[in-house]
Amino acid sequence: MSIIDQIFDAGIVGCGGAGFPTHVKLKGAIEHLIINGAECEPLLRTDRYVMRNFAGEIVGTAGALAKELNIPACTIALKKGYTAEIAALRKAIDKLQSPVVLHLMDSFYPAGDEQTIVYEVTGRAVPPAGIPLDVGCAVSNAATILAISDAMKGVPFTHKYLTVTGEVKSPAILRVPVGTPLTECIALAGGPNGLGCCVLLGGPMMGKIISREEAESAAVTKTMSGIVLLPAEHRLHDLQQLSVERMVTRAKAACIRCRMCTDLCPRHLLGHPIEPHRVMRRMALAGSLESIPADDPALKNALLCCECGVCELVACPMGLQPRRINAAVKKMLGQKGVRYQKGDGQTQVSPLRPDRKPGAQRAAARAGVLKYHHYQIDRFVAAQSHRVNLGLNMQIGAPCEVIVKPGDKVAEGQLIARCPEGKLGANLHASISGIVESVDNGILISDGGRTGE
């Protein structure tokens with residue numbers, strides 16, 4: 001069986017957050033395979049743990065992929081400051097006599113953005129509305145490569161590595177079954193430091209804030225990279241509560257037309273015509289989403305936004321929300337069927353780009369999480385859950401088609417939902433052994449034990 005078939009059978013999707021099915025990403029004329037070890041978000045440590053402790057698997061799997069898929073070049077890209085990870089990977093490369101090479105990057109944000117990392121490694125700029133394959137590259141993060149290593153041994157994607165940090169008593173890297181309740185993950189990190197916390201899924205720059213109440217019913221997904229507990233009154237929580245109308249009102253009153261949001265935009269610096277300051281001006285003049293014309297070129301360029309948060313959390317001196325307004329405009333244009341033509345408006349990479357990449361520490365400070373940025377998270381916890389809830393939409397593409405029913409007994413690793421034939425998607429496997437309780441909004445499995453034992 002080919003590696004691509006093994007990846008498909010295992011149900012692997014990108015572990016970094018987007019969830020694109022990996023068997024599809026690795027098809028095509030790939031000239032350069034890039035393993036993303038830059039860990040984009042400031043507080044997350046999962047990929048660093050994986051690279052330190054599974055360097056041989058990552059190097060070996062990357063080399064096997066390059067060989068089978070006839071990919072001429074294979075690079076692991078990570079930050080210069082990751083000294084222990086660099087040492088582990090170099091040792092593995094020497095031991096395996098692997099052709100894989102390392103590319104060492106500065107510590108800036110968003111170093112782990114796939115279009116950014118393609119340019120850093122190859123000097124090739126992905127066109128607007130394009131993907132890395134348009135310039136002969138494929139990017140997979142370190143945890144995804146580790147999942148591929150398991151798939152090559154016949155082990156499907158059932159468990160997830162993730163960081164739990166922030167206002168917890170014992171920040172940790174966890175390995176838990178997909179579908180594990182978030183409350184269990186927080187308990188494995190010692191529980192909250194105090195009352196009144198909110199929960200951030202992902203990292204501080206691009207993550208989503210949910211309430212403690214929402215966290216009670218949420219579960220680990222294939223794409224979840226981290227859980228960060230923050231004080232309930234944290235700035236990131238307050239920002240997420242603003243309505244689009246309130247954000248537009250603030251833009252009308254406070255935007256000083258400085259264009260810093262555009263000047264520091266990572267995609268703009270790569271030659272994409274996105275200009276957040278123009279989107280802000282248009283929205284301020286229009287007053288509402290319903291009033292903006294779908295054919296406005298400046299607004300259409302909002303479709304190129306990667307929602308990294310630099311414009312909002314790092315660049316804007318007035319504390320406005322260009323990222324969230326861009327996202328709202330993107331959603332509105334998508335609902336109207338507006339699409340961006342690949343490559344339109346592409347210009348040269350800005351010569352100012354090297355001086356306009358914000359440092360990771362600065363990004364953390366501007367996001368209000370500098371307190372947690374320097375945490376050395378060496379604690380590792382591997383845990384099993386007694387009850388999991390496996391969502392059917394944990395990937396880009398079509399939902400999985402359920403092939404089990406309530407009352408069925410399933411074993412860990414058993415296929416329980418299929419990728420629809422002929423569609424973009426991924427298979428889903430039981431992450432624990434037990435009985436299927438329901439298949440409503442996901443597949444709920446219980447082994448009969450008490451959660452939290």
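The two residues K79 and A38 make their nearest non-hydrogen contact at CE-O, 3.0 Å. Looking at every heavy atom in both residues, T183 comes nearest to A215 through CG2-O, 4.0 Å. Closest approach of L299 to V329, counting heavy atoms only: O-CG1, 3.7 Å. Between I209 and L230 the shortest heavy-atom distance is CD1-CD1, 4.0 Å. Taking each heavy atom of V135 and A125 in turn, the nearest pair found is CG1-O, 3.6 Å. Shown here for I403 and A417, the closest heavy-atom pair between the two residues is CG1-N, 3.9 Å.
Among residues at least two apart or in separate chains, salt bridge (charged side-chain N to carboxylate O under 4.0 Å, His left out) pairs with a member in residues 103-112 are K80-D106. The list of ring pair (Phe, Tyr, Trp, His ring centres under 6.0 Å) pairs with a residue in residues 78-113, not counting sequence neighbours, is empty. The ring pair (Phe, Tyr, Trp, His ring centres under 6.0 Å) analysis of residues 119-143, with sequence neighbours excluded, yields no pairs. Within the structure, no pair that satisfies the salt bridge (charged side-chain N to carboxylate O under 4.0 Å, His left out) test touches residues 137-154, not counting sequence neighbours.
At distances below 3.5 Å, at least one donor-acceptor pair connects side-chain atoms of S2 with backbone N or O atoms of D5. A donor-acceptor pair under 3.5 Å is absent between the side-chain atoms of K342 and the main chain of A129, judged by distance alone. Using a distance-only test at 3.5 Å, with no hydrogens or angles considered, a donor-acceptor pair links the side chain of Q395 to the main chain of A398. In terms of modelled atom types and a separation under 3.5 Å, the side chain of Q97 and the main chain of D94 share no donor-acceptor contact. Judged by distance alone, with hydrogens and angles left aside, the side-chain atoms of E68 form a donor-acceptor pair with the main-chain N or O of I3 at under 3.5 Å. Under a 3.5 Å cut-off, the side chain of S431 and the backbone N or O of V178 do form a donor-acceptor pair. The backbone N or O of V118 lies less than 3.5 Å from a partner atom in the side chain of T122, making a donor-acceptor pair. Looking at E39, its side chain never comes within 3.5 Å of a backbone N or O of N36 through a donor-acceptor pair. Checking side-chain atoms of R379 against main-chain N and O of A172 turns up no donor-acceptor pair under 3.5 Å. Using modelled atom types, one side-chain atom of H234 and one backbone atom of G368 make a donor-acceptor pair closer than 3.5 Å.
A 4.5 Å side-chain heavy-atom check between P110 and C308 finds at least one atom pair inside the cut-off. Side-chain contact between L236 and P204 is present, with at least one heavy-atom pair separated by less than 4.5 Å. Between L201 and M224, the closest side-chain pair of non-hydrogen atoms falls below 4.5 Å. Taking 4.5 Å as the limit, some side-chain heavy atom of H374 sits within range of a side-chain heavy atom of Q361. A heavy-atom distance below 4.5 Å is found between the side chains of H159 and Q384. Side-chain contact between I117 and M105: present, with at least one pair of heavy atoms (C-beta onward) separated by less than 4.5 Å.
When the side chain to side chain donor-acceptor pair (under 3.5 Å) test is applied to T223, the partners found at least two apart in sequence or on another chain are T221. When the side chain to side chain donor-acceptor pair (under 3.5 Å) test is applied to D378, no partner is found at least two apart in sequence or on another chain. Under the ring pair (Phe, Tyr, Trp, His ring centres under 6.0 Å) criterion, Y340 pairs with no residue at all, not counting sequence neighbours. Taking the side chain to side chain donor-acceptor pair (under 3.5 Å) definition, one finds that K371 meets it with E167, sequence neighbours left out. The ring pair (Phe, Tyr, Trp, His ring centres under 6.0 Å) search around H268 returns none, not counting sequence neighbours. Under the side chain to side chain donor-acceptor pair (under 3.5 Å) criterion, H277 pairs with T262, sequence neighbours left out. Partners of T347 under the side-chain contact (heavy atoms from CB on, under 4.5 Å) rule, at least two apart in sequence or in another chain, do not exist in this structure.
In this structure, a donor-acceptor pair under 3.5 Å is present between the side chains of T46 and T163. Using modelled atom types, one finds no donor on one side chain facing an acceptor on the other under 3.5 Å when comparing S433 with E412. Judged purely by distance below 3.5 Å, without hydrogens or angles, the side chains of D9 and N427 never pair a donor atom with an acceptor atom.
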Please report the C-alpha distance between I173 and I377 in whole Å, then the side-chain angles of each, then the deciding distance to 0.1 Å, and finally whether the side chain to side chain contact (heavy atoms under 4.5 Å, CB included) criterion is met. CA-CA 7 Å; I173 306 297; I377 306 177; 4.1 Å; yes
For I93 and L96: C-alpha separation, side-chain torsions, deciding distance, then whether side chain to side chain contact (heavy atoms under 4.5 Å, CB included) applies. CA-CA 5 Å; I93 289 170; L96 298 172; over 6 Å; no
Quick one: do E41 and M206 satisfy side chain to side chain contact (heavy atoms under 4.5 Å, CB included)? Show the steps, please. CA-CA 8 Å; E41 287 277 6; M206 293 183 280; 3.3 Å; yes
Check step by step if side chain to side chain contact (heavy atoms under 4.5 Å, CB included) holds for C185 and V220. CA-CA 9 Å; C185 295; V220 172; 3.5 Å; yes
Using the rule given for salt bridge (Lys or Arg N to Asp or Glu O under 4.0 Å), can you reason through E120 versus R353, listing the C-alpha separation, both sets of side-chain angles and the distance that settles it, and then say yes or no? CA-CA 11 Å; E120 290 285 326; R353 181 177 178 273; 2.9 Å; yes
I would like to know whether R282 and E275 meet salt bridge (Lys or Arg N to Asp or Glu O under 4.0 Å); could you show each step before the answer? CA-CA 11 Å; R282 295 291 201 280; E275 296 179 294; over 6 Å; no
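Rounding to the nearest 0.5 Å gives a distance of 5.0 Å between CG of L333 and CG of L303.
When each of K330, R323, K208 is paired with E307, the salt bridge (charged side-chain N to carboxylate O under 4.0 Å, His left out) condition holds for K330 and for no other. Each of L269, V310, L352 was compared with L264 under the side chain to side chain contact (heavy atoms under 4.5 Å, CB included) criterion, and only V310 meets it.
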Show me the donor-acceptor pairs, under 3.5 Å and distance only, between side chains in residues 48-58 and residues at least two apart or in other chains.
unit_1: R48; atom_1: NE; unit_2: E85; atom_2: OE2; d: 3.3
unit_1: R52; atom_1: NH1; unit_2: E85; atom_2: OE2; d: 2.7
unit_1: N53; atom_1: ND2; unit_2: Y49; atom_2: O; d: 2.9

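Salt bridge D295/K300: absent, no basic N to carboxylate O contact under 4.0 Å. The existence of a salt bridge linking D447 and R387 is excluded, since no basic side-chain nitrogen approaches an acidic carboxylate oxygen closer than 4.0 Å. Using a 4.0 Å cut-off between charged side-chain N and carboxylate O, R124 and E31 make a salt bridge. Classification of D408 and K405 as a salt-bridged pair holds, one side-chain N sitting under 4.0 Å from a carboxylate O.
In this structure, H23 and F8 have perpendicular ring planes: the angle between them is above 60°, well past the 30° mark.
No more than 12 heavy atoms of other residues, nucleotides or ligands sit less than 6.0 Å from atom CG of N441. Within a 6.0 Å sphere centred on NZ of K423, heavy atoms belonging to other residues, nucleotides or ligands number 12 at most.
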